[in-house]
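Read through the structure below, which is laid out as structure tokens, and then see the notes.
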Amino acid sequence: MDFANLTFLVVEDHDFQRRALIRLLRDLGAEHVLEAANGREALDALAARGAPVDAVLCDLDMPEMDGIEFISHLAEQRLAQAIAVVSGMEPSILNTVETMARAYGLQVLGAIAKPLTREALLACLGRFEPRSLASHGTEEELDFTVEDLKAGLGNREFLAFFQPKVSFRTGEVLSVEALVRWFRAGHGVVSPVRFIPRMELEGLVLALTESILEQTCAYLRAWEERGLRLDAAVNVSMLCFSDVGIADRFQRIVQEGGCEPQRITFEVTETEIMGEVAKVLNVLARLRMKGFGLSIDDFGTGYSSLQQLSNVPFTELKIDQSFTKDAPSLPRNRTIVETSLELARKLGLKTVAEGVETRAEWDLLRSLGCDLAQGYFVARPMPGHQILDWAQLWRPPETD
Ligand code: C2E
Ligand code: MG
Ligand code: MG
């Protein structure tokens, strides 16, 4: 490939590494190379240039504006055609960034580990395919086939986002719920409510759950290495439980991911708990025996709650957001919330209020003694790499 006609932008905060990268590019024949020490400077340089560049080579861990935020600006403003990530971060994080960049419609040339070598750089740049910047969209695609879902699984396009759960009493961040998003290549982000039912029908949801569990363990370790030890919840479809070997598989994934089962809670949706009762109870009991937590998700929306609660060794009850919503002003919702909390307390279950969106809902649930808050009032689901920064800035509301 002839690099002489392409324009590159190198974004790297370490002077020495930036210079080394530029020198390598020039050795490979590049003639037009812009440089910046962080995302902010890079955006300024692109604005000054007034035209997109062909390829951006970017570090992730930089002051001012980190690489990930920078990449999203690049994509939204169509400032580059292709990107390569040059970083010392661990592979699971690099993979997430690559997938996000691809979903934003950027051509991803790859991730190059540090220290950088000429061979790695050449292999990465060799993937560059000239094409028009206007040809890729970020619109959410409505139609997809089973083949698209399978390809998405193969290409690791299903990424876990994480929504914090905090203690009502102390405000402390204790846990996160993993919520899957489909970063569909060239199509944007697809919500789980759109593809989970289809995956269930097609028998793909187990593979998805395993991937989300792996990603969750990788982030739990990454956050812990940077000083934030959290627990996590992963959603499981009841359909996974038709396979009685699943408890062992989940255990192995968590062990290989360097986590303890005690830190993972599986959220099971209540309405689905029917099906093959014996098998489902078998799996739930075995998960519990291995130390995993079990949460009854969307409590109150199913129809045989009490019976299920007495049969299944649940450890947590999640009040559905339809009841949290407006509980301060709707007596019916408030009654359901109060009764659910009372029931949970008597059964010794931890309680989580889902969908806490307002200060009034926070105050009410807190005064009723609910344990954990989850909802937009605290934070929206976010990519795993944002959790540490968010947790640094999070302050619970002042109590009077
Ligand atoms: P869920 O497990 O009940 O998750 C809570 C949903 O409520 C999430 O939607 C979350 O983004 C949303 N939410 C959180 N706080 C608020 C709030 O304050 N207000 C409002 N209006 N919504 C809030 P999301 O991410 O779209 O997920 C929808 C459902 O898809 C989940 O409901 C869960 O049942 C399913 N799901 C998500 N990820 C997975 C997965 O990995 N596996 C399986 N089997 N199902 C999943
Ligand atoms: Mg859930
Ligand atoms: Mg729920």
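Order of listing sets the numbers, starting from 1, for every ligand and every atom in it. Quick caveat, the model's predicted, so the values are computed rather than measured. Scope of the values below: all heavy atoms of this structure, side chains included, with no hydrogens, waters or symmetry mates. Throughout, numbering of the chain's residues begins at 1 and tracks the sequence.
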List every atom of ligand 1 that sits less than 4.0 Å from any heavy atom of [X], numbering the atoms from 1 in the order shown and giving each element.
X: D297; result: 1 (P), 2 (O), 3 (O)
X: E357; result: 17 (C), 18 (O), 19 (N), 20 (C), 21 (N)
X: Q163; result: 14 (C), 15 (N)
X: S237; result: 44 (N)
X: I196; result: 42 (N), 43 (C), 45 (N), 46 (C)
X: V193; result: 28 (C)
X: G355; result: 16 (C), 17 (C), 18 (O)

Any heavy atom of [X] sitting closer than 4.0 Å to ligand 1?
X: I212; value: yes
X: R181; value: yes
X: E177; value: yes

Parallel, tilted or perpendicular: which describes the rings of Y219 and F162, with under 30° parallel and over 60° perpendicular?
perpendicular

Side chains of [X] and [Y]: is there a donor and an acceptor less than 3.5 Å apart?
X: S237; Y: E200; value: yes
X: E267; Y: S295; value: no
X: S211; Y: Q215; value: yes

Between W223 and V254, is there shared hydrophobic-cluster membership here, with clusters defined by ILVMFWY side-chain heavy atoms closer than 4.5 Å?
yes

Result block: side-chain N/O donor-acceptor pairs under 3.5 angstrom for residues 369-378, not counting sequence neighbours:
residue	atom	partner	partner atom	Å
D371	OD2	T351	N	2.9
D371	OD2	T351	OG1	3.2
Q374	OE1	K318	NZ	2.8
Q374	NE2	Q163	OE1	2.8
Q374	NE2	E177	OE1	2.7

Nearest heavy atom to [atom]: which of [options] does it belong to?
atom: atom 10 (C) of ligand 1; options: V268, T209, L179; result: L179
atom: atom 46 (C) of ligand 1; options: N235, V356, V378; result: N235
atom: atom 11 (O) of ligand 1; options: S322, S191, C240, P381; result: P381

Test: R18 and D59 ion pair at under 4.0 Å:
no

R366/D363 salt bridge by N-O under 4.0 Å criterion:
no

So is there a nitrogen or oxygen of [X] less than 3.5 Å from a nitrogen or oxygen in ligand 1?
X: Q374; answer: no
X: P192; answer: no
X: Q321; answer: yes

Name all residues meeting the ring-ring contact (aromatic ring centres under 6.0 Å, His included) criterion together with F241; count only those two or more places apart in sequence or in a different chain, and write none if there are none.
none

Check each heavy atom of E354 against ligand 1 and say whether those closer than 4.0 Å belong to the side chain, the backbone, both or neither.
side chain

Classify the contact between D298 and ligand 1 as side chain, backbone, both or neither, using a heavy-atom distance cut-off of under 4.0 Å.
side chain

Where the Mg ion (ligand 2) is the corner point, what angle links OD1 of N235 with OD2 of D297, to 10°?
90°

Could you grab the angle centred on the Mg ion (ligand 2), going from OE1 in E267 to OE2 in E177, to 10°?
90°

Just by distance, do the side chain of E361 and the backbone of E357 share a donor-acceptor pair under 3.5 Å?
yes

Output yes when a side-chain donor or acceptor of N333 lies under 3.5 Å from a complementary backbone atom of S322, and no otherwise.
yes

Ring centroid separation F323 to F299 under 6.0 Å
no

